[in-house]
Student: 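Let me begin by handing over the structure; questions about it come next.
Numbers here simply count residues along the sequence, with the first being 1.
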Amino acid sequence: MDETHRDRDAEGRARNARPRDGLGRPLPYGTPGVERQPEGVIRSPDETLREAQRLLDAGMPFHAHEVFEDAWKSGPEEERELWRGLAQLAVGLTHTARGNTTGGARLLRRGASALEECARSGGFVEPGEFGDAVPYGIGVGGLIDWAQELAGRVETADGQAAGARPVDAAGEAPCLRPERR
């Protein structure tokens, strides 16, 4: 039997070691890529938001999604939907930048909905009044508006992809905490 080699991490878990581009797409072995985000890093909310914003501004939303995913998996239960919603926005931007505008728009809308529900049920703001911020200075209202606007822009009125044109990830990067810019 011809056994296929699988890349493994230091703990022996299967993990693709192929280099990646800035949007997280695998490149051929031996090709220079961008450094991958380490997985399972526990950061403070402030560190999470700073690192994610840096990656978004650098046009690396896939990597920002991984930072949010760490917060989602390691944070307090009551904040998990917040981090999950932010991760969905980042991966939605990733897909639109890769040219998958239909999938990207869906994920952007899903992330916006998650943030809306999180704000309503989490007591961050009154239902229907998103104000300027939720915990940690996150501008939830602006993020929801950004996601819905970008999703609408990359789709036509009938819901079909608008020519599947990729967007510039860095140029479309949202501002997570408006008072910090």
Student: Compare every heavy atom of Arg43 with every heavy atom of Asp70, then report the nearest pair and how far apart it is.
Tutor: OD2-NH1, 3.3 Å

Student: Any link between Leu143 and Met60 through a network of hydrophobic side chains (Ile, Leu, Val, Met, Phe, Trp, Tyr) touching at under 4.5 Å?
Tutor: no

Student: Under the rule for side-chain hydrogen bond (donor to acceptor under 3.5 Å, both in side chains), what residues qualify as partners of His63, not counting sequence neighbours?
Tutor: none

Student: Who are the ring pair (Phe, Tyr, Trp, His ring centres under 6.0 Å) partners of Phe68, not counting sequence neighbours?
Tutor: none

Student: Are Leu86 and Val67 connected in the hydrophobic side-chain network, where two residues link if heavy atoms are under 4.5 Å apart?
Tutor: no

Student: Could you measure the distance from the OG1 atom of Thr48 to the CD atom of Glu69? Nearest 0.5 Å is fine.
Tutor: 12.5 Å

Student: Going from CG on Leu56 to OG1 on Thr94, what distance comes out if it is rounded to the nearest 0.5 angstrom?
Tutor: 8.5 Å

Student: List the residues meeting side-chain hydrogen bond (donor to acceptor under 3.5 Å, both in side chains) with Arg109, not counting sequence neighbours, and say none if there are none.
Tutor: Glu155

Student: Quick one: list whatever passes side-chain hydrogen bond (donor to acceptor under 3.5 Å, both in side chains) with Ser44, sequence neighbours left out.
Tutor: Glu47

Student: Nearest heavy-atom pair of Pro19 and Thr31: which atoms, and what distance?
Tutor: CG-O, 3.0 Å

Student: Mind listing the closest non-hydrogen atom pair of Leu89 and Leu115 along with its distance?
Tutor: CD1-CD1, 3.7 Å

Student: Rounded to the nearest 0.5 Å, how far apart are CG of Leu107 and OG1 of Thr102?
Tutor: 11.0 Å

Student: Counting C-beta onward and ignoring hydrogens, is there a side-chain heavy-atom pair between Pro61 and Leu23 closer than 4.5 Å?
Tutor: yes

Student: If a pair satisfies ring-ring contact (aromatic ring centres under 6.0 Å, His included) and one of its residues is in residues 70-110, list it, with sequence neighbours excluded.
Tutor: none

Student: Would you name the heavy atoms of Ala97 and Ala169 that are closest together and state the gap between them?
Tutor: CB-CB, 3.9 Å

Student: Determine which pairs satisfy salt bridge (Lys or Arg N to Asp or Glu O under 4.0 Å) with at least one residue from residues 21-32, sequence neighbours left out, and list them in order.
Tutor: Asp21-Arg25

Student: Does the pair Arg153/Glu172 count as a salt bridge with the N-to-O cut at 4.0 Å?
Tutor: yes

Student: Measure the CD-CD1 distance between Gln53 and Ile138 for me, rounded to the nearest 0.5 Å.
Tutor: 10.5 Å

Student: For residues Arg18 and Leu27, determine if any side-chain heavy atom of one lies less than 4.5 Å from a side-chain heavy atom of the other.
Tutor: no

Student: For Ala170 and Ala58, which heavy atoms make the closest approach, and how far apart are they?
Tutor: CB-C, 4.2 Å

Student: According to a hydrophobic-cluster definition based on side-chain heavy atoms being under 4.5 Å apart (Ile, Leu, Val, Met, Phe, Trp, Tyr only), do Leu82 and Leu108 belong together?
Tutor: yes

Student: Can you tell me how far the OG atom of Ser113 sits from the CD atom of Gln88, to the nearest 0.5 Å?
Tutor: 9.0 Å

Student: What closest approach, in Å, do Ala114 and Gly85 show between heavy atoms, and which atom pair accounts for it?
Tutor: CB-CA, 3.8 Å

Student: Give a yes or no on whether Trp146 and Leu176 share a hydrophobic cluster (residues Ile, Leu, Val, Met, Phe, Trp, Tyr; joining criterion: side-chain heavy atoms under 4.5 Å apart).
Tutor: yes

Student: Counting heavy atoms not belonging to Arg106, are there more than 12 under 6.0 Å from its CZ?
Tutor: no

Student: To the nearest 0.5 Å, tell me how far Ile42 CD1 sits from Lys73 NZ.
Tutor: 12.5 Å

